[in-house]
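Chain letters run A, B, ... following the sequence lines, proteins first and then strands; every chain starts at 1. The analysis underlying the following values was restricted to heavy atoms, covering all of them including side chains, and did not include hydrogens, waters or symmetry mates.
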Amino acid sequence: MTEYEAIIGLETHIQLNTETKIFCGCKADSWDDAPNTNICPVCSGLPGSLPAPNRAVVEKAVRLAHAMNADIQTESYFDRKNYFYPDLPKGYQITQYDKSIARGGHMDVPMPDGSTRRVGIHKLHMEEDAGKTRNEKGRRLIDFNRCGVPLIEMVTGPDIRSADEAAEYLIRLRQLLRWLDISEADMEKAHLRADANVSIRVKGETVFNTKTEIKNVNSIEGVRAAVEKEIARQIQAYESGEKIEAWTLDWDENTQTLRKMRSKETEADYRYFKEPDLLAVHLDEEWLSGLLADFPELPLARRLRFIEQYGLPEYDANILTSERSLSDYFEAAVAAYGGDAKRVSNWMMNDVLKLLNERGLEAGALKLTAEGLADIIKLVDANTVNTPTGKSLIEKAHDSGKTPQEIVESEGLAQVSDDSAIRDIARQVIAANPDNVEKYRGGKDSLIGWFVGQVMRESGGKADPNMTRAVLEELLKG
Amino acid sequence: MADEKITPELFAHLVELAALELGPEEGEYIRKQLNNQLKAIEELVQVPLDPTTLPASHGVPYTPAISAELREDLHNPFPHPEAILKGAPKTEDGHFVVPDIPHEDLK
Amino acid sequence: MTELCDLSAAELAARIRNGEARAVDALDSALARVAAVDGRPGTLDPGDLTADDQAKVHAFITLTVERARAQAEAVDKKLAQGEIPGPLAGVPFTVKDIFVVEGTPSTASSRMLANFVAPYTATPVARMEAAGAVMLGKVNLDEFTYGSSNESSAFQPHPRNPWDTSRVVGGSSGGSAAAVAAGEGALSLGTDTAGSIRQPAAFCGVVGVKPTYGRVSRYGLIAFGSSLDCPGPLARDVTDAALMLNAIAGPDARDATAVTVPVPDYTAGIEDGVKGLRIGLSPDFFKLTYYNHESSEMEERPLPDDILAAVMQAADKLSDAGARIVENVPMPHTRYGIPAYFVISRVEAASNLHRFDGVKYGYRTADKVDDLRAMYRKTRGEAFGPQPKLRILMGMYVSAAQYSEQYYQQALKVRSLIRGDFDSVFDASGEHKLDALLTPTTPTTAFPIGDVYGDSVLMQYADQLTVTADHAGIPGLSLPGGLDAGGLPIGIQLLGPDFSEASLFRIARTYERETETAAWRSARPKVLG
Ligand SMILES: [Zn+2]
């Protein structure tokens, strides 16, 4: 049986999470706004208006380019891409064409099977978004709120070999974008859009066959499913001798099917030329080095380091590096704790993440500091509080904003490990339950657990369970 | 004319690309003018160029010293966006409205 | 007694400031002059031209009387309250209708924008008003600035030359030049892309300044050639032009190409004379080049005698005043100015006109169309006149992927050579070390209406002596330099290095002073009787 491999390239459009649009002072994010309320003369293309480029867009592009191992160009230009479309108010899109802010680059994407795929970056440039249009009863309604929202277009080489790899790339890209605070990267809100170019070939061949382009996919799972479908379709077509044509395909999320889109009328000539309303983007040494000076460790590097430095299982390292503030929190907690990192990881994975998920928070928003978490673990280690009390301190510290020690003190939660105090309570419990004392002494050893529970309850959960047990055993012996 | 660069066929293509519609007389006048202009433009092709001559996007060389800083990322809303919509030939429900692009049926 | 509307802006502002006249008086005087000489304003459906029409100036498309009165009253009120008004307080000015002004029709003299009321105001207009100047209205131009005679305006009757109403005003800032010449506002805000301020200034006997590119913000200027367009002043004398440039120049956060170079006071030192300045004369500006359709050759013609004589006379006067005149300065790429401009400006114009599609503002075809593409074609076909269509189609052609290298990139390189000509003669350590070049502004004086219009190549060559400054970005100034044998104004031009406006003003003012008593100085436009 012939084996095939897929050749996949992804074209992504990344909406930057700046405050304002790329060329005007309108808000970048108008998700909840009524149509055409977040517009101005610039982004609605009024005669006479001119673009005023947003510094933050350049800075985010530089940071992304650096993260993608691309060559940052100290001089880059904006160009006009001319075409008529009702969502494009100026009749041209301001984009970067032949001298964009970055050249080359790659991302090494770890795959679930442990292998790594190096995905090359062919294009990385800044541009403005277009508006939204929708059809209604033979008319087209246009909203310009999204016009001028800053985008980075990033195109990979034909380096991806399966639907799963495509999904992994997008997962890692999304993680990176959030990590670097470049984009919210929410595909449902179109912060991250991905079109996939797909072709197949017989494994071992080096030719590139005709590819199709899949558009309008708005989730990573959608990309996985659509690419999978398209690979299967192409293999079937190939085997039945049909010609694969350069179609543009539309993904329908509801029916999970691909549909052929209308073919383009003519070969487009966008008549690109340098945007005369803008100057070269000049990245001087000082600006550039300032931007890259405090460049954070990236998630994949940190993941590896967590495995190596802390001896964490890959599973833990993956989760603890899924989001930047979580991984920062973990490291700070490990440093403050000073002991076994895996013990901190367990507390993070079981208890801290539980609270974050329940509350819909990121670690950065926790009022319990990483040092506070380390203190809790230490309190438990030192038997100052028992484990359930320790766990309850996480939520209490977050809700109150107090340190764990303050809570332990003010609520008197310190574990009772004073022999005489436990002895007193134990005596009372024994005196109040002659029946069970009788049964225990008659050989029903398992009742010791019940006695411990009673003492714990009477002590308000503060009694050291091990000491309680020992005291009870001694007293019950009679 | 044999040396016409912009033939009627090419002209029709340009008119289509430019989203224009011209009457026959107007079209012929414009086409003739374009061909005349092109003859003047041909002068350029004769200009001897040093390979080091770079294209000038602007005449004034924009050194960093005279160039404006990029805009800071601060929200500065336009005071009356509704006035923009008000100028539109056709609106509905806060939207600009245009005729649809007719669909082709696909199998 | 001189009417207020015939005073210079400087004199008028001084009188208003010291209480000799009120701003509303200045406004009324200008409005009275408009009523006397302007005739009916340009409209889309003018009907036949009457004999009376042919004797009038027709500078205006829109008079903004209410706005002007409110502004004038505000100036008077400020003065009454002892506040110090702006340097142009109470001075009436006009605005070429290529700038948007909030709440005012902003037409670009095109059917496409005939009904467009702008929701914002252009930076240079806002700066004039901030300086206390009073906007009288919007004046006519070639459609979208595409022309050198104003005949292409969709708003007819088009402006007619106040010196001889059978002749053109020049263009594209023709309404501006005509209004200033006729006393309909002391100042006007124009734009220059190939000579559109200087050429009509020359034809109408006024001062016109194309500042260095980026010196004045383009925000709110409906774009033609974005890398070339320069807003600038038209005025009756040099000092007024300097005062106006003071008001409008400077950086603007809304225009990324507006430079951060500090703005000097252009009136300071304007009387200091030219002693020690080096002023060049170039033979390349004393010959004219035309394309001969018959022979398919470029043809050289001499400059008309009257114009050459005016330039030489100016050189003599400046020499008498202490300037060093440097002759035989080579400017070898001057002749390529128009061919390169045919390419660069068209590429930019075609792109800039993309936005006029009937979707957002302005004209949309009245035909019932249910296909978007048909709506585009009909809208643009019906609302653009022949000049925009020509520019769009040429722009599409020379920037098409397969021709771009041959034409567009080549033109941009030729622009570098043109810039290089200026750089080398202005180079302080070069052979010529010029402070300025002295040239004629135009190949001819104002030509008769109908003589050139229709021949788009010949019309474009009307800008052959001005266009190289636009390519190079350098400042240029045209000022009256006498009258030709027919009594029509001749313009002489000064060109200087980047941001040398102050020294151009100084040279121009020196020439003005040296010729104060010349006979031609007392001549007045015929429409003023
Ligand atoms: Zn905006």
C:S404 side chain reached by A:F273 side chain, heavy atoms, under 4.5 Å: no
Donor-acceptor contact below 3.5 Å, side chain C:R254 vs main chain A:A52: no
CD-NZ distance between C:Q409 and A:K274, expressed to the nearest 0.5 angstrom: 7.0 Å
Heavy-atom pair with the smallest gap, counting every atom of C:I222 and A:P47: CG1-CB, 3.7 Å
Toward chain C, the part of A:P86 with a non-hydrogen atom under 4.5 Å: both
Side chain, backbone, both or neither of C:F116 within contact of chain A (heavy atoms, under 4.5 Å): side chain
Sidechain-backbone polar pair: A:R271 side chain, C:S399 backbone, donor-acceptor under 3.5 Å: no
Heavy-atom proximity to chain A below 4.5 Å, by part of C:Y403: neither
Engaged part of A:Y83 at the chain C interface, taking heavy atoms whose separation is under 4.5 Å: backbone
Exam field: side chain A:D269 to backbone C:A400, donor-acceptor pair closer than 3.5 Å: no
Within 6.0 angstrom of A:Y272 OH, more than 12 heavy atoms from elsewhere: yes
Heavy-atom side-chain proximity of A:L46 to C:V100 below 4.5 angstrom: no
Minimum side-chain heavy-atom gap A:R80-C:S226 below 4.5 Å: yes
Salt bridge present between C:R218 and A:D277 (N-O < 4.0 angstrom): yes
Region of C:A122 in contact with chain A, defined by heavy-atom distances below 4.5 Å: neither
Side-chain touch C:N352/A:Y92, heavy atoms, less than 4.5 angstrom: yes
Heavy-atom side-chain proximity of C:V359 to A:I142 below 4.5 angstrom: yes
Minimal non-hydrogen separation, A:P89 against C:K360, with atom names: O-NZ, 2.6 Å
For chain A, the option from C:A253, C:S351, C:P119, C:A350 that forms the most heavy-atom pairs under 4.5 Å: C:S351
Heavy-atom side-chain proximity of A:S49 to C:Y120 below 4.5 angstrom: yes
